[in-house]
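Single-structure report; data block below.
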Amino acid sequence: MSSNIQIQRVCQHCGNEFTAKTTVTKFCGDVCAKRAYKARQKAGKIEASNRETKRRKSQPIEDLKAKEFLTVSMAAQFMNCSRQNVYKLIKSGKIRATNILLKKTLIRRTELEQLMKEPPQPEAIPETQKQEIETWKASQLDIAECYTLTEIQSKYGISEKALSELIKRNSIPKLKKGWFAYVPKVIIDKLLN
């Protein structure tokens with residue numbers, strides 16, 4: 001039994017308008033249907049190729065995650081950095097490593113994972129500067145009440161070396177601001193007068 005339906009539709013491949021005899025017709029003819037089929041096959045192959053490429057790219061990392069001990073080169077690949085950076089991390093003590101042979105350094109994978117989990121720490125302030133800052137905060141002196149080192153040298157005729165030794169010996173608080181270092185006037189005047 002044939003259908004007498006005539007519906008105006010738009011071809012999903014070429015975009016031309018055509019008269020269809022069924023409500024499910026998608027293409028204007030056999031040529032457009034075959035071309036659409038080939039386009040779907042091509043898109044499927046491209047998608048499969050992209051998945052395979054992605055899998056192959058991540059395969060080395062997956063292999064490294066399966067190993068318990070890594071060489072420096074493997075650790076560099078695992079962390080996506082250079083070997084020199086891995087050696088710097090070992091030297092600074094952020095990563096523990098073991099030398100098996102003269103040129104064979106092994107690192108536990110868990111060390112690297114732990115390093116990546118830790119938030120980056122700001123550069124540590126040396127203890128001497130911490131003490132100076134604490135002393136400075138305790139005294140709450142204003143910069144107007146301080147000398148620069150060059151002012152002290154010109155006022156008291158003292159050499160740079162002698163002044164630095166005097167500051168160290170007496171634990172005088174020193175604040176560095178920009179190019180200048182400031183020292184409280186009261187302490188310097190008491191020592192040098």
Side-chain angles (χ1 to χ4, degrees), residues 1-130 132-134 136-137 175-179:
M1 189 169 152
S2 67
S3 171
N4 290 332
I5 299 174
Q6 289 188 351
I7 303 171
Q8 288 301 112
R9 303 211 52 169
V10 176
C11 178
Q12 289 185 2
H13 181 70
C14 66
N16 293 333
E17 193 173 316
F18 68 98
T19 304
K21 294 185 180 181
T22 66
T23 56
V24 293
T25 306
K26 297 179 182 177
F27 306 106
C28 61
D30 192 41
V31 174
C32 281
K34 287 179 180 177
R35 287 181 182 164
Y37 172 77
K38 285 184 178 180
R40 284 194 307 272
Q41 293 296 332
K42 184 178 179 181
K45 287 180 181 179
I46 290 171
E47 180 63 31
S49 175
N50 288 342
R51 278 196 308 268
E52 177 66 18
T53 303
K54 196 173 189 178
R55 186 189 66 78
R56 285 192 182 207
K57 277 185 174 179
S58 65
Q59 185 65 36
I61 301 297
E62 295 301 320
D63 292 344
L64 293 177
K65 285 182 180 178
K67 294 183 179 183
E68 186 175 350
F69 293 97
L70 304 174
T71 63
V72 173
S73 298
M74 290 176 178
Q77 186 179 7
F78 184 77
M79 294 174 55
N80 195 21
C81 67
S82 67
R83 286 180 28 237
Q84 286 79 15
N85 284 340
V86 175
Y87 281 119
K88 284 179 186 176
L89 289 170
I90 292 169
K91 187 175 181 181
S92 69
K94 293 182 180 180
I95 297 176
R96 290 184 303 187
T98 305
N99 276 342
I100 302 297
L101 299 172
L102 186 62
K103 292 190 175 186
K104 182 82 167 182
T105 303
L106 292 180
I107 304 165
R108 278 189 184 269
R109 188 191 76 252
T110 54
E111 288 278 329
L112 300 176
E113 290 172 351
Q114 185 176 359
L115 178 71
M116 291 180 169
K117 287 180 186 174
E118 293 176 3
Q121 299 294 326
E123 289 296 319
I125 300 172
E127 280 300 316
T128 54
Q129 278 189 342
K130 283 183 183 177
E132 289 173 1
I133 290 169
E134 289 304 316
W136 183 265
K137 285 180 182 175
L175 176 69
K176 292 182 179 177
K177 205 166 194 179
W179 290 95

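Nothing fancy with the numbering, it's 1 onward along the sequence.
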Any residue meeting side-chain hydrogen bond (donor to acceptor under 3.5 Å, both in side chains) with N50, in chain and number order, not counting sequence neighbours:
none
Which residues pass the side-chain hydrogen bond (donor to acceptor under 3.5 Å, both in side chains) test with K26, not counting sequence neighbours?
none
How would you list, by chain and number, every residue that makes a salt bridge (Lys or Arg N to Asp or Glu O under 4.0 Å) with K67, sequence neighbours excluded?
none
Could you give the side-chain donor-acceptor pairs of residues 69-78 under 3.5 Å, partners two or more places apart or in another chain?
from, atom 1, to, atom 2, distance (Å)
T71, OG1, M74, N, 3.3

Measure from the side-chain N and O atoms of S49 to the backbone N and O of K45, and report whether any donor-acceptor pair falls under 3.5 Å.
no
Does the side chain to side chain contact (heavy atoms under 4.5 Å, CB included) test come out yes or no for M79 and N85, once each step is laid out?
CA-CA 10 Å; M79 294 174 55; N85 284 340; over 6 Å; no
With sequence neighbours left out, the residues meeting side-chain hydrogen bond (donor to acceptor under 3.5 Å, both in side chains) with Y37 are Q41
Quick one: are Q8 and T19 in side-chain contact, heavy atoms under 4.5 Å?
yes
How close do I95 and L112 get, heavy atom to heavy atom, and via which atoms?
CD1-CD2, 3.5 Å
Please enumerate all residues that pass salt bridge (Lys or Arg N to Asp or Glu O under 4.0 Å) together with R9, with sequence neighbours excluded.
none
Going from CD on E111 to CD on E113, what distance comes out if it is rounded to the nearest 0.5 angstrom?
10.5 Å
Would you give the length of the straight line joining atom CG of N4 to atom NZ of K21, rounded to the nearest 0.5 angstrom?
9.0 Å
If you count heavy atoms of other groups shown closer than 6.0 angstrom to CZ of R109, is the number above 12?
yes
Using 4.0 Å as the upper bound for N to carboxylate O, is an ion pair formed by E47 and R51?
yes
Taking C-beta and beyond as the side chain, do I107 and V86 meet within less than 4.5 Å on heavy atoms?
yes
Would you find more than 12 non-hydrogen atoms of other residues, nucleotides or ligands less than 6.0 Å from R96 atom CZ?
no
